[in-house]
Amino acid sequence: MNLVTTIIIITATLSVILAIVSFWLPQMSPDYEKLSPYECGFDPLGSARLPFSLRFFLVAILFLLFDLEIALLLPLPWGDQLSSPLITFLWASTVLVLLTLGLIYEWLQGGLEWAE
């Protein structure tokens, strides 16, 4: 057998084994929370006027803020092809320093604490 045939046989065998294991391994015991259409922690059939934790929404906004700023760094691999890669490095370093300073500020102010 040549190398290509061996690799195809190994990958096919491994795929079949993993498919069988993933089908039989998990426990099939759904409960009320797993069957609920909403996974946000609120009862979908209850009152919409219940008080909620503002801390949850603050942490979610912080996550979105840092996640969107990280997306600014995605074009960096193409930045080294510019005429001056040093400017790209300086802008990327500035973004990372601002992200780090923002994270340190939120940490010191207690914005990342879930429970008080």
Side-chain angles (χ1 to χ4, degrees):
M1 287 196 310
N2 60 7
L3 182 63
V4 175
T5 308
T6 305
I7 290 175
I8 289 174
I9 290 173
I10 289 173
T11 56
T13 306
L14 187 62
S15 299
V16 169
I17 290 172
L18 288 176
I20 290 171
V21 167
S22 69
F23 181 72
W24 293 108
L25 189 62
Q27 298 176 357
M28 300 294 182
S29 59
D31 56 355
Y32 177 73
E33 286 81 16
K34 289 182 182 177
L35 295 176
S36 176
Y38 300 101
E39 297 178 2
C40 62
F42 298 114
D43 184 19
L45 302 175
S47 174
R49 303 284 184 224
L50 292 175
F52 56 88
S53 172
L54 190 61
R55 177 80 58 187
F56 172 78
F57 292 102
L58 289 176
V59 171
I61 288 173
L62 282 174
F63 171 76
L64 287 175
L65 177 71
F66 284 108
D67 192 41
L68 290 176
E69 288 181 0
I70 290 294
L72 292 174
L73 298 175
L74 288 177
L76 277 182
W78 294 277
D80 63 349
Q81 299 172 2
L82 296 174
S83 60
S84 177
L86 182 63
I87 294 174
T88 305
F89 174 74
L90 290 176
W91 279 110
S93 299
T94 304
V95 169
L96 287 175
V97 166
L98 284 174
L99 279 175
T100 305
L101 290 176
L103 179 64
I104 291 170
Y105 177 76
E106 286 297 327
W107 194 343
L108 292 177
Q109 293 297 319
L112 302 176
E113 303 275 335
W114 185 260
E116 296 181 27

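These values consider heavy atoms only, across backbone and side chains, with no hydrogens, waters or symmetry-generated copies.
- When the side-chain hydrogen bond (donor to acceptor under 3.5 Å, both in side chains) test is applied to Thr5, the partners found at least two apart in sequence or on another chain are Asn2.
- Under a hydrophobic clustering in which Ile, Leu, Val, Met, Phe, Trp and Tyr are joined whenever their side-chain heavy atoms come within less than 4.5 Å, directly or via other members, Ile7 and Ile10 fall into different clusters.
- Thr100 pairs with exactly one of Leu103, Val97, Ile104 by the side chain to side chain contact (heavy atoms under 4.5 Å, CB included) rule, that one being Ile104.
- Atom CG of Leu14 and atom CD1 of Ile9 lie 13.5 Å apart (nearest 0.5 Å).
- With rounding to the nearest 0.5 Å, the separation of OG1 in Thr11 from CG in Leu18 is 11.0 Å.
- The cluster map of Ile, Leu, Val, Met, Phe, Trp and Tyr, joined by side-chain heavy atoms under 4.5 Å apart, puts Trp107 and Leu99 in the same cluster.
- To the nearest 0.5 Å, the span separating CG on Leu101 from CD on Glu106 amounts to 12.0 Å.
- Hydrophobic clustering of Ile, Leu, Val, Met, Phe, Trp and Tyr side chains at less than 4.5 Å, counting indirect connections, keeps Leu96 apart from Leu98.
- Of the inter-residue distances, the one linking Ser93 atom OG with Leu86 atom CG reads 9.0 Å to the nearest 0.5 angstrom.
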